[in-house]
Amino acid sequence: MESSLTYMQALDALRWQVEMGVSDAIGDAPLDRHAQSRAPAAAPAVARAPAPEPDPAPAPVADPGAAATLAELAQMMEALPSPLKPAARRFVFADGRPEARLMILGEAPGRDEDREGRPFVGRAGQLLDRMLAAIGIARDHPDPGQAVYIANILPWRPPANRTPSPEEIAMFLPFALRHIRLAAPEFLLLMGNTPCQALLGRAGITRLRGNWHEVQGLPALPTFHPAYLLRNPAAKRESWADLLAISRRLQP
Ligand code: URA
């Protein structure tokens with residue numbers, strides 16, 4: 001169908017959609033969901049075959065323990081049939097130096113990470129870089145004591161940056177644990193509730209932050225997510241205390 005919109009009208013329509021929260025184009029033509037729900041329902045089948053019983057213990061789609069290297073783990077994770085995959089642009093595995101003594105775990109890629117294929121590159125990531133720089137840490141620092149390795153619990157962006165569901169976290173948790181095992185850092189910094197829920201089995205970052213926990217035998221420190229700090233700058237004070245705690249542990 002020929003469009004009768006002018007360029008400016010099309011631009012206005014696009015702006016309006018962005019303001020309404022549209023973040024991804026998933027089809028060339030609009031879908032009228034109301035028309036779909038008004039369509040007459042299919043006639044009920046007279047006799048239905050009994051639905052098959054769900055398998056009580058579905059076989060794991062892949063065994064993260066079989067990945068002997070980070071590259072193998074990345075390959076395995078990218079191939080997993082995750083429901084998040086079709087809506088995402090890029091697979092986001094990790095950034096920084098795997099040899100680093102410190103590993104940071106976040107939640108999931110956002111819009112910018114999905115575009116670039118690297119974790120923590122958007123506004124929150126830039127704040128994270130500045131915070132780390134304040135204690136002498138940089139992603140690719142040649143000294144493993146001043147470098148950092150960064151990953152997320154989920155390697156795919158959830159649509160519209162929604163919080164990952166418990167099922168999505170459960171699906172990727174064994175891979176996150178293997179990721180930690182293979183990178184073998186000395187300390188973990190858990191950014192926000194999602195990695196705490198996944199790795200400590202607890203959320204409630206305001207209470208958890210600033211106290212050391214253990215994940216696979218490694219000291220793990222929960223702290224506020226940098227996206228939270230962008231919305232609540234007053235919480236930077238506590239984050240600074242957490243960074244100093246990490247810095248002290250990293251002293252040679
Ligand atoms: N938030 C996260 O938790 N991870 C990212 O990579 C980006 C934003």
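Just so you know, ligand 1 is whichever comes first in the structure, and atom 1 is the first atom listed for that ligand. Count residues from 1 along the sequence. Values in this document were obtained by computation on a predicted structure and should not be read as measured data.
- The six-membered or imidazole ring of Y149 lies near that of H179, with a centre-to-centre distance under 6.0 Å.
- Contacts of E113 with ligand 1, taken as heavy-atom pairs under 4.0 Å, involve the side chain alone.
- Residue pairs satisfying the salt bridge (Lys or Arg N to Asp or Glu O under 4.0 Å) criterion with at least one member in residues 178-198, sequence neighbours excluded, are listed as follows: R101-E186.
- By the 4.5 Å heavy-atom criterion applied to side chains, E116 and R90 are not counted as neighbours.
- At a 4.0 Å heavy-atom cut-off, ligand 1 does not touch A124 at all.
- Interface atoms of ligand 1 facing P119, defined by a heavy-atom separation under 4.0 Å, are 6 (O).
- Ranking protein heavy atoms by distance to atom 1 (N) of ligand 1, first place goes to H225 NE2, 3.1 Å.
- Scanning all protein heavy atoms for the shortest distance to atom 4 (N) of ligand 1 gives N152 OD1, 2.8 Å.
- Applying the ring pair (Phe, Tyr, Trp, His ring centres under 6.0 Å) test to F91 and every residue at least two apart in sequence or in another chain returns W156.
- Taking the side chain as every heavy atom from C-beta outward, L200 and V215 approach each other to under 4.5 Å.
- The heavy atom nearest to atom 8 (C) of ligand 1, out of those in G122, A108, G106, P155, is found in A108.
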